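Read through the structure below, which is laid out as structure tokens, and then see the notes.
None of the values given here were measured: they were computed from a predicted structure.
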Amino acid sequence: MGSSYAHPFLSATIFFPKSPNLQLPSSSSPPRYHSLRSRFCFHSSFQSPAQPSPTLTTNNYNHLIQSLCKQGNLNHALKLFSHELNPTQHTYESLILACSRQNTKSFALAIDGRLAADGFYNDPFLCTKLINMYSHFGSLESARKVFDGTPEKTIFVWNALLKTLVMAEKGDEALSLFSEMAHNGVPFDSFSYSFALKACLASSPPAPALLGQIHNHVIRAGFVSRVHVVTTLVDCYAKIGNVVSARTVFDEMPHKNVVSWSAMIACYAKNGRHFAALEIFREMNMMRDPEIIPNSVTMISVIQACAGLAALNLGKVVHGYVLRRALNTIVSVMNALISLYAKCGRLDLGQQIFDKMIYIVPRNVVSWNSMISGFGIHGFAKESIRIFEKMIGAGISPSPITFVGLLGACSHGGLIDEGRRLFDSMHKEHNLLPQSEHYACMVDLLGRAGQLDEAAKLIEEMKIEPGQTVWGSLLGACRIHGNIELAERACSHLFALEPWNAGNYILLADIYAEAKLCEEVRRVKNLLEERGLHKLQGCSWIEVRKRLYSFVSVDELNPQIEQVHALLTELVKQAKEIGYVPNTKFVLCDLEHEEKEKIVMGHSEKLALAFGLISSEKIDVIRITKNLRLCEDCHELTKIISKYMNRKILVRDVNRFHHFSDGFCSCMDYW
DNA sequence: GTAGGGTTAG
């Protein structure tokens, strides 16, 4: 083509005769109406081609328009299009695809207008493409209009609208379309089922029962042998937290591929079943099937599982595998690794990846967010803000998650005014509307700092409905500051929004226990029992020589448990001599002081700490992870031990890291 | 001609 790229109109006449596809539409093509009204009329910036030939009746730019579309030269393609009397199906297809690719919605509407006027709505192929295009733009009404205007609705047309509604999170509308299909006797294909299954998750409220019903339909229609459909099923069950059903469906799959395995690994990783995720990853590799090789998506879930366990050494092995497979060229894998190291207490290694990755792959907003949140969970709020400012300086627009990380960092670091300023800047400077999660961060920030009334006022002023995270943050703050009245108010919402969450009942009971309101404690405990809920058992674990050792409060399985108890008893004895007094204020009433102390002494994090002291070298940092919030008594004792034993101790609890050294904790007792 | 799994937070 040579210089013709720069001058498509001049060259049009040159290429026209050479074009191999200049047939007139075949007789089976939809009817055309070449009235003046149907002539394409674009935005005024479209001028006529340099040398249009108004007298040409056999005008045919189709081939050229198509190649211009392929080159991404939509402007020129559209100019030619306005002079093309007989656009073919292929020309329309090229234009529609080019519009989607280039996100040019105004052009799309113009193409649609002419397509309708030319009678191409009779062509279900093009209507499918149009619906997909509007789906891409998020223009639901336009997509629906095309659908309604399509007389011959093939399964492609129905599926295209189904997909559009699902992608736009309009689950209810998608499900009613699905019913309409059934009512009209449209024979569903595997695609219809995949979309309908996803629609169950997007409906409000999500419809787990309906998911089961559509699953039954899938079985009856004989689609359980279709990998795509069953993988969708695994994923849907995973996303509603039904791990058992996901696994059952997965086990029954006649053919599994890397995507189905990855979906199952992701299911475990996302639902907190980290060990199970790693175990099934091992199983996948044991298959030794040359077709089933872990890819970047698989590895991201595996990395997440390692991060969930804070399994630093295992994470390093996985990192090695990533390098050997050259998956370090994938930005999402690198982002997951940054987060892994941050969650394993090795921010330095995360920072190293962040610094060096630019030589291999460009960073994206998630890379920055990972660093911001990483510093945040370690309590280094100022570092978080510094990275954020660097990110803005680099011209990266922050996402809503950036602010979740930043505000969380301010909360952990006690930077109240900075937090307020950043929250205000969301809308003013970054055009982001604060969501429920952001309000939850602010409530946490203000609440922790003891400004409970201001936190409550912020909730009252919210323009959106406060979600469970908002009330949960308020309840957490009430526990720290012992505010019964506000706690009860928060619980009245939480018990309605998430009646199954035992954690809320426990927090309320703790607040009553501290105030010595034993009758109220009993009432809440009864409520918990009536609803068949159980307190999540505290569990702490520690990695020693590449093995993970976990502890629960009553632990007789560990072979070294007697040694652990003996050391702990000795440590507590010595700590008491230098003024340590066990803190039992949150142990639920009705027990003698000795009993209460015994309960506190059996806490899993103390057992893990004693085990760490026995099993590690003096120079090692002791790294402990706990599945709940670190208890105040354990926090106090760990501070004393860090000084007394001259050890560095790093504890990750459910919210953040605590760096203990020389009798102090990095959280400054503010967590 | 359409489709399945993934990164950051809570």
Could you tell me how far apart [X] ([atom1]) and [N] ([atom2]) are, to the nearest whole angstrom?
X: Ile401(A); N: dG10(B); atom1: CD1; atom2: P; result: 10 Å
X: Leu97(A); N: dG1(B); atom1: CG; atom2: P; result: 12 Å
X: His136(A); N: dG1(B); atom1: NE2; atom2: P; result: 20 Å
X: Ile280(A); N: dG5(B); atom1: CD1; atom2: P; result: 17 Å
X: Met167(A); N: dA3(B); atom1: CE; atom2: C1'; result: 11 Å

From [options], nucleotide with atom closest to [X] side chain:
X: Val258(A); options: dG5(B), dG4(B), dG6(B); answer: dG5(B)
X: Val259(A); options: dA3(B), dG4(B), dG1(B); answer: dG4(B)
X: Val227(A); options: dT7(B), dG4(B), dT2(B); answer: dG4(B)
X: Thr469(A); options: dT7(B), dG10(B), dA3(B); answer: dG10(B)
X: Val404(A); options: dG6(B), dT8(B), dG10(B); answer: dG10(B)
X: Ser260(A); options: dT7(B), dG4(B), dG6(B); answer: dG4(B)
X: Phe125(A); options: dG6(B), dT2(B), dG1(B); answer: dG1(B)
X: Ser373(A); options: dT2(B), dA9(B), dG6(B); answer: dA9(B)

Distance below 4.0 Å between [X] side-chain N/O and [N] OP1 or OP2:
X: Lys343(A); N: dA9(B); value: yes
X: Lys198(A); N: dG5(B); value: yes
X: Lys270(A); N: dT7(B); value: yes

For [X], which contact category applies under a 4.0 Å heavy-atom criterion: base, sugar-phosphate, or nothing?
X: Asp235(A); answer: sugar-phosphate
X: Lys239(A); answer: sugar-phosphate
X: Pro398(A); answer: nothing
X: Ala440(A); answer: nothing
X: Gln304(A); answer: sugar-phosphate

Taking atom types as they are modelled, is there a donor-acceptor pair under 3.5 Å from the base of [N] to the side chain of [X]?
X: Asn295(A); N: dG5(B); answer: yes
X: Ser262(A); N: dG6(B); answer: no
X: Asn132(A); N: dG1(B); answer: no
X: Thr231(A); N: dG5(B); answer: no

Legend entry - Trp158(A) ring center within less than 6.0 Å of Phe147(A) ring center: yes
Inset, instruction - Find out whether the Lys NZ or Arg CZ of Lys256(A) is both under 6.0 angstrom from the six-membered ring centre of Phe250(A) and within 45° of the ring's axis. - result: yes
Inset, instruction - Flag this pair as yes if the NZ/CZ of Arg656(A) is under 6.0 angstrom from the six-membered ring centre of Trp671(A) and inside a 45 degree cone about the axis; otherwise no. - result: no
Inset, instruction - Walk me through it: do Asp235(A) and Lys239(A) pass the test salt bridge (charged side-chain N to carboxylate O under 4.0 Å, His left out)? - result: CA-CA 6 Å; Asp235(A) 186 50; Lys239(A) 291 203 166 113; 2.7 Å; yes
Legend entry - Nearest atoms (heavy-atom pairs only) where Ala108(A) meets Tyr134(A): O-OH, 4.0 Å
Legend entry - Trp261(A) aromatic ring stacked with six-membered ring of dG5(B), 5.5 Å and 30°: no
Legend entry - pi-stack flag for His228(A) and dA3(B), centroid dist under 5.5 Å, interplanar under 30°: yes
Legend entry - Distance-only side-chain donor-acceptor flag, Asp189(A) / Ser192(A), under 3.5 Å: yes
